[in-house]
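Just so you know, ligand 1 is whichever comes first in the structure, and atom 1 is the first atom listed for that ligand.
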Amino acid sequence: MIDAILTLSLLAQQRPDPLPAIPRLEVRRAANPLSIDGKLNDSAWAQAEAVTFQFPWPNQTGAKQKTTVRLLWDDKYLYLGYDCEDADITAQYTHRDDPTYKDDAVEAFINPAPAQTDVYLGFEMNARAVMYDYVYLAGKFLFKRLDLDGLQLATHIDGTLNARGDKDKGWSLEVAIPFAEFEPLFRAARPREGDQWAINLNRWDGTEPDRRLSQWSDSGLVAANPHNPRRFGTMVFRER
Ligand SMILES: [Ca+2]
Ligand SMILES: [Ca+2]
């Protein structure tokens with residue numbers, strides 16, 4: 001039941017200069033089962049091509065720490081595995097639909113019907129494996145009270161969480177999203193060979209005033225803002 005909406009103040013002004021090309025990724029079917037424990041040591045992950053993030057807003061301050069993401073799928077789930085280098089891991093929020101994007105967090109914005117760019121599902125997940133999921137509607141609303149069922153989410157921290165004086169190595173995150181959650185945008189039980197979805201992958205890192213947004217596909221917006229569905233990358237499902 002949707003009983004609350006959050007109005008977005010997205011003055012989504014696009015930069016005038018030439019923007020980078022929209023990236024494309026082939027997503028393979030997982031050959032072996034994955035254990036969603038936050039560790040990317042399952043043999044299936046070795047099949048997946050890693051994408052790296054760019055930093056489109058040079059005025060942001062603090063270390064530009066590397067992020068790689070791998071994607072896989074099977075009959076039931078889309079899997080994402082994030083690997084975040086991070087010398088200082090911080091995350092405060094602990095409840096579903098808290099504003100996890102204010103923490104050390106990674107995101108996936110997924111549009112399974114790329115002929116339209118009004119609606120997509122957002123998943124914003126902090127280093128404590130807290131999920132903020134919502135439906136984005138036309139740059140105007142986020143329906144955040146809608147909680148998707150059957151998600152699996154875990155993180156692994158190589159360092160100390162919220163201990164500010166020491167030096168951490170990084171954190172990783174695994175999430176499994178059931179294809180059933182994409183109804184009615186995607187009217188099939190699962191994707192087929194060659195199906196294309198639009199997706200963007202993001203990371204918020206650091207604490208104010210040193211905070212960075214990095215992304216797979218540059219949103220092309222003037223402000224550091226990831227929400228531009230016209231600039232999502234293309235993901236192509238492959239059976240092998
Ligand atoms: Ca794992
Ligand atoms: Ca951090």
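A cation-pi contact links R29 to W73, judged by a cut-off of 6.0 Å to the six-membered ring centre and 45° from its axis.
Checked against the Ca ion (ligand 2), the N, O or S atom of D205 at the shortest distance is OD1. Note on D37: its N/O/S atom closest to the Ca ion (ligand 1) is OD1. Within D88, the N, O or S atom at minimum distance from the Ca ion (ligand 2) carries the name O. Atom OD1 is the N, O or S atom of D42 at the shortest distance from the Ca ion (ligand 1).
Exactly one residue among K66, R203, K64 makes a salt bridge (Lys or Arg N to Asp or Glu O under 4.0 Å) with D86. That residue is R203. When each of F53, Y82, W204, Y101 is checked for a side-chain contact (heavy atoms from CB on, under 4.5 Å) with V106, only Y82 meets the rule. Screening L201, N200, N228 for a side-chain contact (heavy atoms from CB on, under 4.5 Å) with Q215, the sole residue that qualifies is N200.
One finds an angle of 80° at the Ca ion (ligand 1) between OE2 on E174 and O on K39, to the nearest 10 degrees.
Counted by atom type alone, Y79 and D74 present one or more donor-acceptor pairs between their side chains at under 3.5 Å. Side-chain contact of D218 with Q54: a donor-acceptor pair under 3.5 Å is absent, judged by distance alone.
Because the distance cut-off is set at 3.0 Å, D86 qualifies as a neighbour of the Ca ion (ligand 2) through one of its N, O or S atoms. At a cut-off of 3.0 Å, N41 does not coordinate the Ca ion (ligand 1) through any N, O or S atom.
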